[in-house]
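Report on the following structure.
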Amino acid sequence: MTTGAKNGVYSGNAARAFAEAHNWKFVPREKRPVHALLNEWHCPVIVYGRERIEIHKPETAPFFYHPNGAVLKYYDWKQKKTSPLLRAIEAEPGGRLIDATMGLGADSLFLQAAVPDFTITAVEASPLLSAVVQEGFLQFPMPEDELAAAAAKISIVNEEHTTYLKKQGTDSVEYVYFDPMFDQADKTSKGIAPLRSYAAYGRLSVEAFEQAVRTASKRVVVKADPENELFRQFPFKKISAGNAHCYGYYDC
């Protein structure tokens, strides 16, 4: 971990604290370009700048947190007064939800803004991604107060989702949500292209789904292609999500 090229006392201290919190090596920038640090350390370089945190890897575009996906969902919901994700979950005030495949956290952030007294735990297997999104939730200037308030409420856990679900009590939350689409998404999608190098891949297993059914007292929701094999194995009901995907919901 290092600081931005134009380092200051604040960003330097914040970068050190962030590195210590995640047990990462902090290296003073000393005006060196990022590619020099990549060549020296042979590992991802995280740059803590004044405006954002970036993850750098060789031969890939830098990744940084941005809430675009959540903002688009939020504005669409405000305009239409409806959302296929909300219909699939049938979100009720006071409910508890585990977003088992957080990614950039767009769905968690939208749901928390749309249902403010929801309690959401977002689980992400990638330590880099979970750390950058967590910091992004706290630092990024959200365009709406509801989104800023929502970002501050969400709990983020860095763990593989099946492992996490196994630790949860039976019927300990009302809802579990999966969006395991990185292993099958459209390769031309520019929206998630920068994320591919940093995401934790893996198809949603039957074991993970069964653990979700045990953990959730009301409903498990999966976003996937309508022909996903889980939809053939279990009696899901479907709601179209557009772009050749749908939400499948399973009542526990």
Side-chain angles (χ1 to χ4, degrees), residues 1-70 99-106 108-109 121-142 151-152 154-164 167 179-185 187-203:
M1 180 136 204
T2 191
T3 59
K6 296 181 179 179
N7 185 29
V9 174
Y10 168 77
S11 58
N13 291 340
R16 287 180 184 273
F18 191 68
E20 289 176 2
H22 296 280
N23 198 29
W24 294 337
K25 174 74 174 177
F26 176 79
V27 178
R29 183 67 177 265
E30 296 176 346
K31 298 183 179 180
R32 289 177 290 178
V34 171
H35 69 79
L37 294 172
L38 287 168
N39 291 336
E40 179 180 351
W41 291 93
H42 306 289
C43 67
V45 172
I46 304 152
V47 177
Y48 197 111
R50 287 183 175 273
E51 298 181 353
R52 68 192 190 194
I53 298 173
E54 295 182 346
I55 308 174
H56 292 255
K57 286 184 177 181
E59 300 178 359
T60 62
F63 168 76
F64 60 92
Y65 174 76
H66 196 285
N68 272 354
D99 178 354
T101 51
M102 180 185 74
L104 278 174
S108 282
L109 185 54
T121 301
V123 181
E124 172 54 47
S126 166
L128 289 175
L129 191 54
S130 63
V132 169
V133 171
Q134 185 169 40
E135 196 73 2
F137 274 5
L138 297 175
Q139 287 195 1
F140 196 93
M142 299 290 174
I154 298 168
S155 298
I156 296 178
V157 176
N158 173 216
E159 193 163 9
E160 191 277 328
H161 59 254
T162 306
T163 303
Y164 178 80
K167 297 176 182 177
D179 180 7
M181 294 179 59
F182 292 120
D183 62 339
Q184 56 184 319
K187 300 300 183 183
T188 65
S189 173
K190 295 181 180 180
I192 65 170
L195 186 57
R196 295 187 184 282
S197 178
Y198 308 99
Y201 283 71
R203 293 182 180 275

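All residue numbers in this chain count up from 1 along the given sequence.
Counting only N and O atoms by type, the side chains of Glu160 and Thr162 include a donor and acceptor under 3.5 Å apart.
Heavy atoms only, all atoms of each residue included: Thr2 and Val27 are closest at OG1-O, 2.8 Å. Across all their heavy atoms, Ala122 and Ile154 have their closest contact at CB-CG2, 4.1 Å. Minimum heavy-atom separation, His22 to Ala131: CE1-CB, 3.5 Å. In terms of heavy-atom proximity, Val34 sits nearest to Arg29 at CG2-NH2, 3.7 Å. What you find for Gly136 and Tyr65 is that their closest heavy atoms are CA-CD2, 3.5 Å. Nearest heavy atoms, Ala125 versus Asn158: O-ND2, 3.1 Å.
Note on ring orientation: taking the six-membered ring where Trp is involved, the planes of His66 and Phe64 are perpendicular (angle over 60°, cut-offs 30° and 60°).
Separation of the Phe26 and Phe18 ring centroids does not fall under the 6.0 Å cut-off.
At a threshold of 4.5 Å between non-hydrogen side-chain atoms, the residues Pro67 and Leu109 count as touching. Annotation: side chain of Glu124 is not in contact with side chain of Val157 (no heavy-atom distance under 4.5 Å). Side chains of Lys167 and Glu159 form a contact here, defined as non-hydrogen atoms less than 4.5 Å apart. Ile156 is listed as a side-chain neighbour of Val133, based on a closest heavy-atom distance under 4.5 Å. Side-chain atoms of His56 and Pro44, non-hydrogen and from C-beta on, never get closer than 4.5 Å to each other. Between Val132 and Ile55, some side-chain heavy-atom pair lies under the 4.5 Å cut-off.
Distance alone, capped at 3.5 Å, places no donor-acceptor pair between the Ser108 side chain and the Gly105 backbone.
Of the candidates Met1, Arg32, Glu30, Leu37 forms a side-chain contact (heavy atoms from CB on, under 4.5 Å) with just one, namely Arg32. Applying the side-chain contact (heavy atoms from CB on, under 4.5 Å) test between Phe63 and each of Leu128, Leu104, Ile53, Ile46 identifies Leu104 as the sole match. Test Glu135, Glu54, Arg16 against Tyr48 for side-chain hydrogen bond (donor to acceptor under 3.5 Å, both in side chains) and you get one pass: Glu135.
In the displayed structure, Asn23 atom CG is contacted under 6.0 Å by at most 12 heavy atoms of other residues, nucleotides or ligands.
Atom-to-atom distance recorded for Thr101:OG1 and His161:NE2 is 7.0 Å, nearest 0.5 angstrom.
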